[in-house]
Undergrad: 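Below are the structure tokens for one structure; questions will follow.
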Amino acid sequence: VFVSNSARRMTVHLVRQGAPVIDQASTLAQQQVTLDPQNSRVHMVAVLTGEGTSVRLPDQLAHDARVVNVSLDPADLPDHALGLAMFDTLVMNDVPTHSMNEKAQTALREWVLRGGHLVVAGGPGAEQTLAGLPPELQPVQVLGQEPVAATTLLGDAAADLGTLSLTQVEPVAGARILPVTGINPVGDLPLLVERPAGAGSVTFFAAALNVPGLDNVADEQRFWSNLLRQRQNLPVGFGPTNPNIDMFTEGNVATSLTRLPALELPALATLGLLLLTYIVLVGPVTYLLLRKLDHQALGWIVVPALTIIFALVAYGIGYAKRGGDVVLNQISLVEPLHTDSAGDIARVRSFVGVFSPERRSYTLETSRSALLRPISLQGPWDTSQGSQSGVFLQDQSLPGVSGAQATNLEVPQWSMRAVMADELRPYQSVTAQVTLDGTKLAGEVRNVGDLPLRDVVLIQGDQVAHLGDLAPGEEQQAELTLDTASSHNNFEGHTPLSYLIYGDEMDRMQKSRAQPLPPDKQLRAGLLDALYSYGPTTRNAQPMLLAWADQSLLAVDVVDQRVARQQLSLITFNPRLHVTSQELTLGQGWMERRIEADPESQCMGSQGIGFTLFGQTVIETLRLPPELAGLQPEQITLIPLADGPWPADIRVELFDWNAGEWKTQPVNAQPLILEQPAGFLSNRGEIRLRINGEVGMQNAPGCMIIDAALAGTMPDTEG
């Protein structure tokens with residue numbers, strides 16, 4: 001059952017098998033459970049440790065993020081990834097993972113792939129912790145243990161600890177060695193290794209996390225913030241307190257379910273013929289017939305009678321067409337996440353709206369095992385209990401039912417209720433290879449699935465290559481000139497994605513009798529706006545592929561009910577880059593941006609989440625796509641952007657990765673070309689900035705960010 005953040009208690013009923021409703025006669029036992037809901041800004045950490053060990057976490061991370069520590073036994077791990085959905089980070093220290101059952105391993109793997117962060121501790125228990133993890137979640141190969149004096153790692157404060165055991169490892173392909181805040185380096189021994197996995201990541205720390213000296217590292221909050229990977233939250237005031245970024249985006253998308261082309265007016269030809277027939281009968285036919293019969297006075301009866309008859313005919317046509325139908329509208333977001341030996345894995349979020357012409361309860365049935373939860377059609381701002389209420393019994397063992405059932409979905413008359421499913425599943429529909437060659441971007445897209453793909457486009461910056469429709473097995477190629485120019489302006493002028501794709505058709509339709517887009521194109525444009533224009537999700541300059549399908553990947557039916565069905569799936573992902581040229585020039589927007597600041601200092605601008613300055617320190621990290629992480633910079637240009645004038649009295653520092661220290665830079669309203677840029681871009685493609693200052697409200701520039709443009713060479717041309 002889905003439990004909303006505002007719920008304070010839950011009643012659990014044990015009912016007789018096959019009971020159609022929950023009532024006193026069917027209930028064998030019941031218990032009321034008190035719930036302690038947490039604000040979405042809290043960093044939820046699940047800690048799994050071996051027998052007789054424990055890990056102490058700080059109460060707060062940097063920037064006042066409160067930590068909630070939940071201790072779990074390996075046997076407590078759920079057999080479904082959604083059972084871990086409330087956690088931001090899961091920490092394993094000396095855990096015998098080989099004892100985990102297969103379902104728990106699958107749930108852990110799927111949780112990481114959909115965006116979870118797993119931290120694996122080293123030390124004497126490292127091998128048994130890594131042994132039972134799925135291959136995708138193993139960031140290192142263990143080579144052995146190395147005894148190191150505690151003072152070498154932790155400083156003089158650890159003089160009483162004697163010797164610590166550090167795990168010698170070899171990072172696997174795709175994993176990266178990261179610096180550790182507050183811990184001294186130990187020769188060339190990797191202390192922190194990270195491996196991306198789908199939308200999530202796995203981090204390995206070379207020491208055990210139950211070492212007492214970790215309580216006294218030089219900067220405890222920074223150390224744990226670096227290790228636990230503080231999540232990017234919605235800025236204060238941008239959205240309601242409880243929803244996180246995922247929930248906010250899903251609320252926006254759910255509003256698109258109310259667009260029902262199935263309920264559009266009949267064809268103009270049908271309406272025109274009906275109206276013409278009515279005019280002819282009421283006018284000349286009635287007049288001539290009554291005149292011939294010499295009963296013109298009957299016109300007072302005939303005309304109203306014909307009007308009533310035609311009104312009933314029009315109503316009958318409408319009712320026969322759609323009026324008595326239950327309408328099921330389904331939208332799916334498909335995001336390919338991971339490819340391994342078993343095939344492609346995609347995150348599929350299915351939004352299902354049920355429109356009812358009468359007040360009644362429905363039972364939904366899915367084609368495979370999938371958990372449904374209610375979602376509001378009023379968008380992320382709707383926090384009312386009315387939109388979230390209802391009993392949803394998920395029974396996956398009913399005779400003759402291959403998937404799952406959600407019962408008691410009550411829909412008022414002429415209204416819609418919505419549910420959604422969030423699942424990971426094997427998926428193969430479209431493959432894309434994008435080659436970056438100097439200033440040229442070449443894309444090769446192939447439909448490898450069984451369904452036709454519609455309106456396939458490849459996007460880079462504000463450029464769009466239309467590949468049209470792709471039949472199963474069909475392949476298309478496209479070429480774009482790389483947008484290397486940096487706009488160096490404020491947030492104005494960024495074209496909405498829906499207009500980039502459908503702008504020419506919008507303009508053409510408006511010029512020809514001011515007609516709007518066809519209903520199916522309106523639905524697609526509205527969905528793109530819900531994803532990229534009305535929320536915190538922003539796209540950058542990295543190449544992106546969009547494709548549409550007229551069928552959903554999760555089949556949902558209304559049991560014992562005839563429905564009018566509408567389905568639409570959006571497939572979107574960033575294709576992997578293959579670099580074939582050594583010289584590269586990248587304009588602004590290519591680097592992923594992450595803001596670390598107090599919640600009150602974060603804001604939402606036209607380019608996504610940014611910051612304001614009211615005396616607090618802001619850390620901004622810019623990261624290149626993984627395929628470009630080895631770029632050796634010859635020129636880095638910092639580009640300050642703000643909603644208003646850039647303030648004068650602020651201090652901007654860049655971290656020099658070679659020297660290991662912050663260096664002040666003279667950043668003002670104009671782009672700044674850095675001198676000796678090599679040290680400011682790490683070998684994993686990161687630029688790190690620290691911004692300080694206090695700007696009065698009367699001079700507030702609005703939401704601010706600092707972006708970067710780069711030029712340099714790749715170490716090789718193999719991609």
Undergrad: Could you tell me whether the side chain of Ile177 reaches within less than 4.5 Å of the side chain of Leu192, counting heavy atoms only?
TA: no
Undergrad: To the nearest 0.5 Å, tell me how far Leu631 CG sits from Leu586 CG.
TA: 6.5 Å
Undergrad: Testing the 3.5 Å rule here: is there a donor-acceptor pair between the side chains of Tyr502 and Asp507?
TA: no
Undergrad: Can you check whether Arg259's main-chain N or O pairs, donor with acceptor, with Asn329's side chain at less than 3.5 Å?
TA: yes
Undergrad: So does Asn658 have more than 12 non-hydrogen atoms from other groups sitting under 6.0 Å from CG?
TA: yes
Undergrad: Please step through salt bridge (Lys or Arg N to Asp or Glu O under 4.0 Å) for the pair Glu686 and Arg688, ending with a clear verdict.
TA: CA-CA 6 Å; Glu686 284 187 357; Arg688 196 162 172 83; 5.6 Å; no
Undergrad: Taking all non-hydrogen atoms of both residues into account, name the closest pair between Ser498 and Ala525 and its distance.
TA: CB-O, 3.7 Å
Undergrad: Indicate whether any N or O donor in one side chain lies under 3.5 Å from an N or O acceptor in the other, for Gln477 and Glu444.
TA: yes
Undergrad: Among Ile331, Val352, Ile375, which residue satisfies the side-chain contact (heavy atoms from CB on, under 4.5 Å) criterion with Met420?
TA: Ile375
Undergrad: Classify the side-chain pair Thr713/Glu583 by whether it contains a donor and acceptor separated by less than 3.5 Å.
TA: no
Undergrad: So, does Thr572 use its side chain to make a donor-acceptor pair with the main chain of Leu546 at under 3.5 Å?
TA: no
Undergrad: Hey, could you give me the CD1/CZ distance between Ile571 and Arg454, rounded to the nearest 0.5 Å?
TA: 11.5 Å
Undergrad: Is the closest side-chain heavy-atom distance between Leu545 and Val456 below 4.5 Å?
TA: yes
Undergrad: Would Asp422 and Arg114 pass as an ion pair if we require N to O under 4.0 Å?
TA: yes
Undergrad: Mind listing the closest non-hydrogen atom pair of Asp455 and Lys521 along with its distance?
TA: OD2-CE, 3.4 Å
Undergrad: Supply the atom-to-atom distance Ser201 OG to Arg195 CZ, rounded to the nearest 0.5 angstrom.
TA: 11.5 Å
Undergrad: Closer than 3.5 angstrom, by distance alone: can the side chain of Gln463 be matched with the main-chain N or O of Thr481 as a donor-acceptor pair?
TA: yes
Undergrad: If we ignore hydrogens and angles and just use 3.5 Å, is the side chain of Ser552 paired with the main-chain N or O of Leu554 as donor and acceptor?
TA: no
Undergrad: Using the rule given for salt bridge (Lys or Arg N to Asp or Glu O under 4.0 Å), can you reason through Glu136 versus Arg109, listing the C-alpha separation, both sets of side-chain angles and the distance that settles it, and then say yes or no?
TA: CA-CA 8 Å; Glu136 302 92 333; Arg109 171 180 177 268; 2.8 Å; yes
Undergrad: Taking NZ, NE, NH1 and NH2 as the nitrogens, is one of them in Arg176 or Glu194 under 4.0 Å from a carboxylate oxygen of the other?
TA: yes
Undergrad: Of all heavy-atom pairs between Ala432 and Phe573, which one has the smallest distance, and what is that distance?
TA: CB-CZ, 4.0 Å
Undergrad: If only atom types and distance count, is the side chain of Asp344 paired as donor or acceptor with the main-chain N or O of Gln428 below 3.5 Å?
TA: no
Undergrad: Of all heavy-atom pairs between Pro715 and Gly630, which one has the smallest distance, and what is that distance?
TA: CD-O, 3.2 Å
Undergrad: Can we say Arg446 and Glu474 salt-bridge, meaning some charged N sits less than 4.0 Å from an Asp/Glu carboxylate O?
TA: no
Undergrad: So, taking the atom named OG in Ser533 and the one named CG in Leu528, what distance separates them when rounded to the nearest 0.5 Å?
TA: 8.0 Å
Undergrad: Measure the spacing between CD of Gln665 and CD1 of Ile706 and express it to the nearest 0.5 Å.
TA: 10.0 Å
Undergrad: Of all heavy-atom pairs between Pro472 and Asn447, which one has the smallest distance, and what is that distance?
TA: N-ND2, 3.5 Å
Undergrad: Start with the C-alpha gap between Leu628 and Leu584, add the side-chain angles, then the distance that decides, and say whether side chain to side chain contact (heavy atoms under 4.5 Å, CB included) holds.
TA: CA-CA 10 Å; Leu628 304 180; Leu584 287 182; 3.8 Å; yes
Undergrad: Looking at Asp246 and Arg349, does any basic side-chain N land under 4.0 Å from a carboxylate oxygen?
TA: yes
Undergrad: For Leu710 and Trp590, run side chain to side chain contact (heavy atoms under 4.5 Å, CB included): C-alpha distance rounded to whole Å, both residues' side-chain angles, the deciding distance at 0.1 Å, then the answer.
TA: CA-CA 9 Å; Leu710 300 92; Trp590 272 86; 6.0 Å; no
Undergrad: Take a 6.0 Å sphere around CD of Gln676 and say whether it holds more than 12 heavy atoms from other residues, nucleotides or ligands.
TA: no
Undergrad: Looking at side-chain heavy atoms only, is the closest gap between Arg651 and Ile691 below 4.5 Å?
TA: no
Undergrad: For the pair Glu596 (side chain) and Val618 (backbone), establish whether a donor and an acceptor sit closer than 3.5 Å, ignoring hydrogens and angles.
TA: no
Undergrad: Are the side chain of Gln460 and the backbone of Ala541 linked by a donor-acceptor contact shorter than 3.5 Å?
TA: yes
Undergrad: Any side-chain heavy atom of Leu577 within less than 4.5 Å of one from Pro543?
TA: yes
Undergrad: Do Gln602 and Phe611 have side-chain heavy atoms sitting under 4.5 Å apart?
TA: no
Undergrad: Quick one about Gln542 and Asn574 (side-chain donor to acceptor, distance below 3.5 Å, no hydrogens or angles considered), yes or no?
TA: no
Undergrad: With no hydrogens and no angle check, is any side-chain donor or acceptor of Asp656 less than 3.5 Å from a backbone partner on Ala659?
TA: yes
Undergrad: Mind checking what makes salt bridge (Lys or Arg N to Asp or Glu O under 4.0 Å) contact with Asp504, not counting sequence neighbours?
TA: none
Undergrad: Restricting to side chain to side chain contact (heavy atoms under 4.5 Å, CB included), what partner residues turn up for Ala478, sequence neighbours left out?
TA: Ala465, Leu467
Undergrad: Between Leu333 and Val348, is any pair of side-chain heavy atoms under 4.5 Å apart?
TA: no
Undergrad: Any side-chain heavy atom of Arg690 sitting closer than 4.5 Å to one from Trp662?
TA: yes
Undergrad: Does Glu634 CD have over 12 foreign heavy atoms under 6.0 Å away?
TA: yes
Undergrad: Should Leu441 and Thr435 count as side-chain neighbours, where that means a heavy-atom distance under 4.5 Å?
TA: no
Undergrad: Indicate yes or no for a side-chain donor-acceptor contact from His117 to the backbone of Leu228 under 3.5 Å, with no hydrogens or angles considered.
TA: yes
Undergrad: Over all heavy atoms of both residues, which pair between Leu257 and Ala418 is shortest? Give the atoms and the distance, please.
TA: CD1-CB, 3.8 Å
Undergrad: Apply the test side chain to side chain contact (heavy atoms under 4.5 Å, CB included) to residues Leu681 and Met591: give CA-CA distance (whole Å), side-chain angles for both, the deciding distance (0.1 Å), then the verdict.
TA: CA-CA 12 Å; Leu681 183 69; Met591 304 189 80; 4.2 Å; yes
Undergrad: Begin from the C-alpha positions of Phe680 and Leu674 and carry the test side chain to side chain contact (heavy atoms under 4.5 Å, CB included) through to its verdict.
TA: CA-CA 9 Å; Phe680 298 118; Leu674 299 178; 3.9 Å; yes
Undergrad: Could you give the distance from CE (Met704) to CG (Leu641), rounded to the nearest 0.5 Å?
TA: 10.0 Å
Undergrad: Should the heavy atoms of other residues, nucleotides or ligands under 6.0 Å from CD of Glu675 be counted, would the total exceed 12?
TA: no
Undergrad: Looking at Ser601, is its backbone amide N or carbonyl O close enough to the side chain of Thr612 to form a donor-acceptor pair, meaning the two atoms are under 3.5 Å apart?
TA: yes
